[in-house]
*Asks:* 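I'd like to ask some things about the structure below.
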Amino acid sequence: MKYDFAEIEKKWQAVWEREKPFRAETGSDKPKFYGLIEFPYPSGQGLHVGHPRPFTAMDIVTRKKRMEGYNVLFPIGFDAFGLPTENYAIKNHVHPAAVTKQNIANFTRQLKMLGYGFDWDRVVDTTDPEYYKWTQWIFLQLYKHGLAYKTTMPVNWCTSCKCVLANEEVVEGVCERCGAPVIRKEKSQWMLKITEYAQRLIDDLDDVDFIERVKTQQRNWIGRSTGAEVTFKATTGDDIVVFTTRPDTLFGATYMVLSPEHALIKKWLPLLKNADEVREYQRLAASKSDMERTELNKEKTGVKLSGVCGVNPVNGREIPIFISDYVLATYGTGAIMAVPAHDDRDWEFAKKFGCEIIEVVSGGEDVQKAAFTAKDETGIMVNSEFLNGLTVKDAIPVITKWLEEKGIGKAKVNFKLRDWVFSRQRYWGEPIPMVWCDKCGWVPLPESELPLRLPEVDSYEPTDDGESPLSKMTDWVNTTCPHCGGPARRETDTMPQWAGSSWYFLRYMDPHNPDALASKEALAYWSPVDWYNGGMEHTTLHLLYSRFWHKFLYDIGVVPTKEPYQKRTSHGMILGEGGEKMSKSRGNVVNPDDVVKSYGADTLRLYIMFIGDFEQAAAWSDNAVKGCKRFLDRIWNLAETRIDGPEACSHANEAAVHRAIKKVGEDIEAMKFNTAIAAMMGLVNDFYDNAPSRGDIKALLQLLSPFAPHIAEELWERQGFEGYASTSAWPRYDESKMTESEKEIAVQLNGKLRATATVPVDADDETVLSIVKAQEKVARALEGMEIVKTIVIKNKLVNLILRPVK
RNA sequence: GCGGGUAUGGCGGAAUUGGCAGACGCGCAGGAUUUAGGUUCCUGUGGCUAUACCGUGUGGGUUCAAGUCCCACUACCCGCACCA
C-alpha cells in the first residue's frame, strides 16, 4: 500500500482529539516541563508558513520530554486584540469580536491539521472578558502601587493608525505596524513605570538562560549609563540641572544646550531679546517627525538664547545657553553642559556656532581639529585645577565627591528606557478600568466590577481629534464615581496589544479559574516557564514588558518566581523561494494548507525543521520539501508490514541505532533539528543496506515520533507495538554499543593525507603504526626515507614526518 | 557611529577538544524497473591541465596538522541610533 498521509493524519488527529494524550496535569508527581511558544495573532490570512517553525520546534522538544517521563505543559492561545482585526471590521462593517471568532476557528483548524501536541483544554483568548478581567485586574494593582499614572507629555503619534505608540513600537521613525510617519503630539496618557524596574531588568538577566543576543539587546535597550547630575545657575537665578557621564570634563563646559521642549524656556521667553526666533525654532522642532529629526542629524541646528546665560559652577564663568533638538527632552534632564573638546556632538555644534573649545583632557589630537573622547586611562586631566594630572578614570570619583560636598551635584544613573505609554485611542483593546470624577480625580473601578466589558459601538473608526471611538458612547462613558457616587466619566482609551500578552503564560497554568488569574497551587507547580521560544522582534517589546509585569506580580506576592522564563531561544525567519521576504506583493507566500494538501503535515513539519540552522533565516524550497516526503516514503516502505522477531537491535545496525539515538536526543536539546533529521536519514539509509530488525524499527519510530507524529503512530500500530509511539518511553543508548570493533583512520605523510587504514578500535600506538607501515602505499613512500616524528591520534589519524636518509 | 551576527560545492547546509572538509538533503549525470512520462531502486557527483596539485570571504601568522587558534582586513545581514 502507498503512504496515504491524508488518511493517516486524519485518523490520528481524531484519536488525539478523543483521548487527549497531551493533556497537562497540574500537581502530578512527575517532574514538570513547561514549554512555551508565542501565541499567534489570529489574522484573517490564517497561519503563515513561518508559524510552524517555532511551533514545530517546541512541539518536538515537548514531545520528547513527554516520552522521557515529564508532565508536560505545552499550551496554545490567541493574542486577539489588535488593529488589523479592527481595521478589517471597519472596512467590512462587522464586529471585531465576530471577525476574531472566525479567525480563531480557522487558526485552530490549521494548528490541529499540523498535529501539534497542545493541551487544547487550556486555550486562552485575550479578548475573552473572563481573560481580560485579569488583565484589567493587574492594571488596577499597578495603579494601586503607584506604577500606573496619567500624564500629559509629547508622545509618538502614528498618523495613519491615529493612535499613540510606545517607544518600542517606533522603528526608524515610522510606525512598526503600518510604516506611516510618527510625529510628536502632546497628549494625556496612561503610563506604566517600567523605569522603576530598569536596574532589576538588567541585573536579573544574569540568572536566566537566554541566548546572548537577547540579553545584549535588552541591556542596550534599557541603556544604563552612570554619571552625575550637576546644577548650573542661570543669570536669572534659575537652576538648570544637567546629566553628564563625564563630570571630569566640567572645566571644559563652554556652553549649555536645552531641548526645545525644556520648561525653563517658556518662563524665560519674556526676557529674551530673540523670543520670536526661539519660538519659531520650537515650533519647527515640534512639527518634525521622528524620521525628519533623525535624518537631519548630520547638520546641527539651534538658537542661542539672547539675554540669559548659564554659570559654570566649578569656575563661575558665564557661558551661553542654546536650544537645539540634538538634546532630547525625554532623556536625562533635557539639558546638557556642552564640552566640545571631548564630545563629538558638542564639538560639531561648537564649530558651527563658534563656541569656545577648551581642552581639559590631554592625550589626544588637537581638540580644535577633533574631539578627544577616550574615557579610559589614556587621557590626563589638564586646565582643571584640582583634577590636573589625574587620569579620566580617577578624576570622575574625585569630582563627583567634590560636587556632592558643595551641594551642586550628585552621582546619578540614567536609563534610555522610558516609561511605557499604555493608552491607545482605538476600540479593539481592553478598556482601562478607571473613572474620572471632577471631585475625586482618577478613581479605580472596584475589583468586583471587573471585567469592565467593551460596549457595543456603532462605529469603530478612529477619530481625527485623537480620541478613542469609545468616547462617542456617552451611555457607557457617563457613570458614577465609585468613590463619592457623583457623576463621573470612564477612561475611553484602551490598552495596547502588549497588555494581554504580558501575562498569558500564567493563565495557561490555570485557565478557567474564576477567582484569581491562576491558583497559588498551579503557579507554584508550573512556574517558571522552562523554555520559551519566540521571535527576536519581540525582544524589546513583549519579552521586556512581560518580564516587567512578572517582576511586579512577584513583588506583590502573586507569582512565586522573579523571572517568568528560565530559558529563551529564538528562531530565524522563513523567507520565500529565492531568499526574499514572503509578501503578498511579491507573490511568494507559501500557504501551509497547500503544503499539507500536497505532501502532508508530517512532511511539512519535517521540512521546516530540516530547512537549515534553526536560529538563521532560511529560504523556502519546494524541491527540498519533496526530499522530506521521499524520506517518509522510504520509512513507510521499510515498516509498512510487520517485522517479526525479538525487539532487539540487529547486529548489523546496532551501532548505527545507538549513535542515532544519542545524536537525535542531543540535537533536539540543542535545537539542531536539521542535523537530528540528517541523522535519521542516515539511519534509514543504513536500513536499506542492512534490513532492520523489529527492534531497529521500533527505535526509529520513536525517534521519528516527535518530528512526524502521524506516520510514526501509524507504523507503530502496524508493527503491533504496545500503546502509542508518542507516549512510549524515549529510547536509551548504550555508549559501549555505539562503536564498531574496527575504525578507519587517516594516514598522513608530512601532514598530507596519503591513505586510510582500518585498525582495531582503541588499539595502542604500536599496533596502529605496524598496520599503517605495512600498507603498500606507505611502505613505498618510506623507501629511502627516515621517520623524524610520529604523531598518533587514537581512532583518528597517524601522521609520519619523513625526510630522505643522508 | 555603537552593539550583535554571518561568510564553506551548482543550491540549502554538516564538521566535540585543532585531526580524512563537504555529513544529510536538493539539483545534476549514468544505469535498472516501466509501453512512455512520473514514481521507485542502484551508482556517481568540490575544482582541475587528474599518480600530482588547488580548494572553507581577503592578507599575514602559530602548528606535524587550521573551516576551527592569533593578528590585520573586506563584504553582507539584523538591532539601536544626536541617549550627553
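Order of the sequence lines fixes the chain letters, A, B, ..., with proteins taken first and strands second; residue numbering starts at 1 for each chain. Because the structure is a prediction, the values reported are computed rather than measured.
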*Asks:* Are more than 12 heavy atoms, taken from residues, nucleotides or ligands other than A/K352, located less than 6.0 Å from that residue's NZ atom?
*Replies:* yes
*Asks:* Please determine whether a side-chain nitrogen or oxygen atom of A/Y331 lies at a distance below 4.0 Å from atom OP1 or OP2 of B/A84.
*Replies:* yes
*Asks:* Let me know the distance between CD of A/Q218 and P of B/G4, rounded to the nearest Å.
*Replies:* 16 Å
*Asks:* Kindly say whether, by distance alone, the side chain of A/N799 makes a donor-acceptor pair under 3.5 Å with the base of B/C64?
*Replies:* yes
*Asks:* By the 4.0 Å heavy-atom rule, please label A/R224 as base, sugar-phosphate, or nothing.
*Replies:* nothing
*Asks:* Which nucleotide, in any strand shown, forms a Watson-Crick or G-U wobble pair with B/U40, with both distances under 3.5 Å?
*Replies:*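 Across all strands, the one nucleotide that pairs with B/U40 is B/A32.
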*Asks:* So which of A/F631, A/F707, A/Y3 actually passes side chain to side chain contact (heavy atoms under 4.5 Å, CB included) with A/D602?
*Replies:*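 Per the side chain to side chain contact (heavy atoms under 4.5 Å, CB included) rule, the option paired with A/D602 is A/Y3, out of A/F631, A/F707, A/Y3.
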*Asks:* Do A/V327 and A/L258 come close enough that some side-chain heavy atom pair is under 4.5 Å?
*Replies:* no
*Asks:* Which is true for A/T245 with a 4.0 Å heavy-atom rule: it touches a base, it touches only sugar-phosphate, or it touches nothing?
*Replies:* sugar-phosphate
*Asks:* Suppose we define a pair by two distances each less than 3.5 Å, Watson-Crick or G-U wobble; what does B/U62 pair with here?
*Replies:* none
*Asks:* Could you check A/Y281 against A/D325 for side chain to side chain contact (heavy atoms under 4.5 Å, CB included), going step by step and ending with a plain yes or no?
*Replies:* CA-CA 9 Å; A/Y281 188 84; A/D325 62 6; 3.5 Å; yes
*Asks:* Taking atom C1' of B/U40 as reference, at what distance in whole Å does atom CG of A/D633 sit?
*Replies:*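 For the pair A/D633 CG and B/U40 C1', the rounded distance is 9 Å.
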*Asks:* Kindly point out which of B/G27, B/G3, B/G19 is positioned nearest to the side chain of A/R630?
*Replies:* B/G27
*Asks:* For B/U17, which nucleotide in any strand shown is its Watson-Crick or wobble partner with both distances under 3.5 Å?
*Replies:*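 The base-pairing partner of B/U17, which may sit in any strand shown, does not exist here.
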*Asks:* Starting from C1' on B/A84, measure out to CD on A/E229 and report it in whole angstrom.
*Replies:* 12 Å
*Asks:* Report yes if at least one side-chain N or O of A/N685 is closer than 4.0 Å to OP1 or OP2 of B/G25; otherwise report no.
*Replies:*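 Yes, such a contact exists.
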*Asks:* Looking only at atom C1', what distance separates B/A29 and B/C78, rounded to whole Å?
*Replies:*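 Nearest-Å result for B/A29 against B/C78 at atom C1': 40 Å.
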*Asks:* With A/K300 as the cation and A/F349 as the aromatic partner, state whether NZ or CZ is under 6.0 Å from the six-membered ring centre and within 45° of the axis.
*Replies:*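 A/K300 over A/F349 ring: no.
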*Asks:* Rounded to whole angstrom, note down the P distance from B/A15 over to B/A23.
*Replies:* 12 Å
*Asks:* Can you establish whether the number of heavy atoms outside A/K351 located under 6.0 Å from its atom NZ is more than 12?
*Replies:*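 Yes - once you tally the heavy atoms of other residues, nucleotides and ligands closer than 6.0 Å, there are more than 12.
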*Asks:* Choosing from B/A81, B/G3, B/A21, which nucleotide comes nearest the side chain of A/W221?
*Replies:*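 Output: B/A81.
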*Asks:* Between P on B/A84 and NZ on A/K412, what's the gap in Å once rounded to a whole number?
*Replies:* 13 Å
*Asks:* Can you tell which of B/G25, B/A84, B/G19 lies closest to the side chain of A/I791?
*Replies:* B/G19
*Asks:* Given B/C82, B/C26, B/C42, identify the nucleotide with an atom nearest to the side chain of A/Y688.
*Replies:*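 Closest nucleotide to the A/Y688 side chain: B/C42.
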*Asks:* Using a strict cut-off of less than 4.0 Å between a Lys/Arg side-chain nitrogen and an Asp/Glu carboxylate oxygen, indicate whether A/K629 and A/D633 qualify as a salt bridge.
*Replies:* yes
*Asks:* Would you mind building the protein contact string for nucleotides 8-16 of chain B? One character per nucleotide, 5' to 3', B for base within reach (heavy atoms under 4.0 Å), S for sugar-phosphate only, - for untouched.
*Replies:* ----BSSS-
*Asks:* Taking atom C1' of B/A23 as reference, at what distance in whole Å does atom CZ of A/F673 sit?
*Replies:*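 Roughly 19 Å, once rounded to whole Å.
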*Asks:* Check every strand shown and say whether A/D346 touches a base, only sugar-phosphate, or nothing at a heavy-atom separation below 4.0 Å.
*Replies:* nothing
*Asks:* Could you please name the partner base of B/C82, counting Watson-Crick and G-U wobble pairs only when both distances are under 3.5 Å?
*Replies:* none
*Asks:* Kindly give the heavy-atom pair with the smallest separation between A/P320 and A/T254, and that separation in Å.
*Replies:*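 Closest approach of A/P320 to A/T254: CD-O, 3.4 Å.
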*Asks:* B/C82 C1' sits how many Å from A/E299 CD, rounded?
*Replies:*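 For the pair A/E299 CD and B/C82 C1', the rounded distance is 13 Å.
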*Asks:* Please classify the nucleic acid contact of A/Q748 as base, sugar-phosphate, or nothing, using heavy-atom distances under 4.0 Å.
*Replies:*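 Contact class for A/Q748: base.
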*Asks:* Please classify the glycosidic conformation of B/G22 as syn (within 90° of 0) or anti (everything else).
*Replies:*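 In terms of base orientation relative to the sugar, B/G22 is anti.
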*Asks:* Determine, for A/R219 against A/D206, whether the closest basic-nitrogen to carboxylate-oxygen distance falls under 4.0 angstrom.
*Replies:*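 Salt bridge: yes.
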*Asks:* Can you tell me how far P of B/U63 sits from CD1 of A/I793, to the nearest Å?
*Replies:*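 Going from A/I793 (CD1) to B/U63 (P), I get 17 Å.
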*Asks:* Within the structure shown, what part of the strands sits under 4.0 Å from A/S225 by heavy-atom distance: base, sugar-phosphate, or nothing?
*Replies:*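 Touches sugar-phosphate only.
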*Asks:* Taking pairing as Watson-Crick or G-U wobble with both contacts under 3.5 Å, can you name the mate of B/C53, or confirm there isn't one?
*Replies:* B/G47
*Asks:* Taking any heavy-atom pair under 4.0 Å as a contact, classify A/G627: base, sugar-phosphate, or nothing.
*Replies:* sugar-phosphate
*Asks:* Looking only at the side chain of A/M681 (C-beta and beyond, no hydrogens), which of the listed nucleotides B/G25, B/G4, B/C82 gets closest?
*Replies:* B/G25
*Asks:* Taking only the P atom of each, what is the distance from B/A75 to B/C70 in whole angstrom?
*Replies:*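 Those two atoms are separated by 22 Å.
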*Asks:* If I pick the C1' atom on B/C20 and the same atom on B/C64, what distance separates them, to the nearest angstrom?
*Replies:*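 To the nearest whole Å, 15 Å.
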*Asks:* Between A/R246 and A/I801, who's closer to the 5' end of RNA chain B by nearest nucleotide?
*Replies:*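 The residue closer to the strand's 5' end, by nearest nucleotide, is A/I801.
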*Asks:* If you measure from the C1' atom in B/U56 to the same atom in B/A7, how many Å do you get, rounded?
*Replies:* 9 Å
*Asks:* Given side chains that start at C-beta, do those of A/P760 and A/I771 come closer than 4.5 Å, heavy atoms only?
*Replies:*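 A/P760 reaches A/I771 side chain to side chain.
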*Asks:* Between B/C71 and B/C54, how far apart are the two P atoms, rounded to whole Å?
*Replies:* 27 Å
*Asks:* Please work out if A/K626 contacts a base, only the sugar-phosphate, or nothing of the nucleic acid, heavy-atom cut-off 4.0 Å.
*Replies:* nothing
*Asks:* Say we look at B/G67 and B/G57: how far apart would their C1' atoms be, to the nearest angstrom?
*Replies:*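 Straight-line distance between the two C1' atoms is 12 Å.
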*Asks:* With C1' as the reference atom in both, quote the distance from B/G5 to B/A84 in angstrom, rounded to an integer.
*Replies:*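 Rounded to whole Å, the distance is 29 Å.
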*Asks:* At less than 4.0 Å, is any side-chain N or O atom of A/R219 found next to OP1 or OP2 of B/G4? Yes or no.
*Replies:*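 No, because none of the side-chain N or O atoms of A/R219 sits under 4.0 Å from OP1 or OP2 of B/G4.
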*Asks:* In whole angstroms, how far is the C1' atom of B/C80 from the CZ atom of A/F415?
*Replies:* 18 Å
*Asks:* Between A/G682 and A/G751, which has a closest nucleotide on RNA chain B that is more 5'?
*Replies:*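 Looking at the nearest nucleotide for each, A/G682 comes out on the 5' side.
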*Asks:* Closest approach to the side chain of A/L797, judged atom by atom: which nucleotide of B/G19, B/G27, B/G4 is it?
*Replies:*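 Nearest nucleotide to the side chain: B/G19.
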*Asks:* Is the phosphate of B/C41 approached by A/R634 (side-chain N or O, under 4.0 Å from OP1 or OP2)?
*Replies:* yes
*Asks:* Can you tell me which nucleotide in B/A21, B/A81, B/C24 comes closest to the side chain of A/A678?
*Replies:*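 Selected nucleotide (nearest to the side chain): B/C24.
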*Asks:* Checking A/R634 against A/Y688: charged group under 6.0 Å from the ring centre and within 45 degrees of the axis?
*Replies:*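 Yes, A/R634 lies over the aromatic ring of A/Y688.
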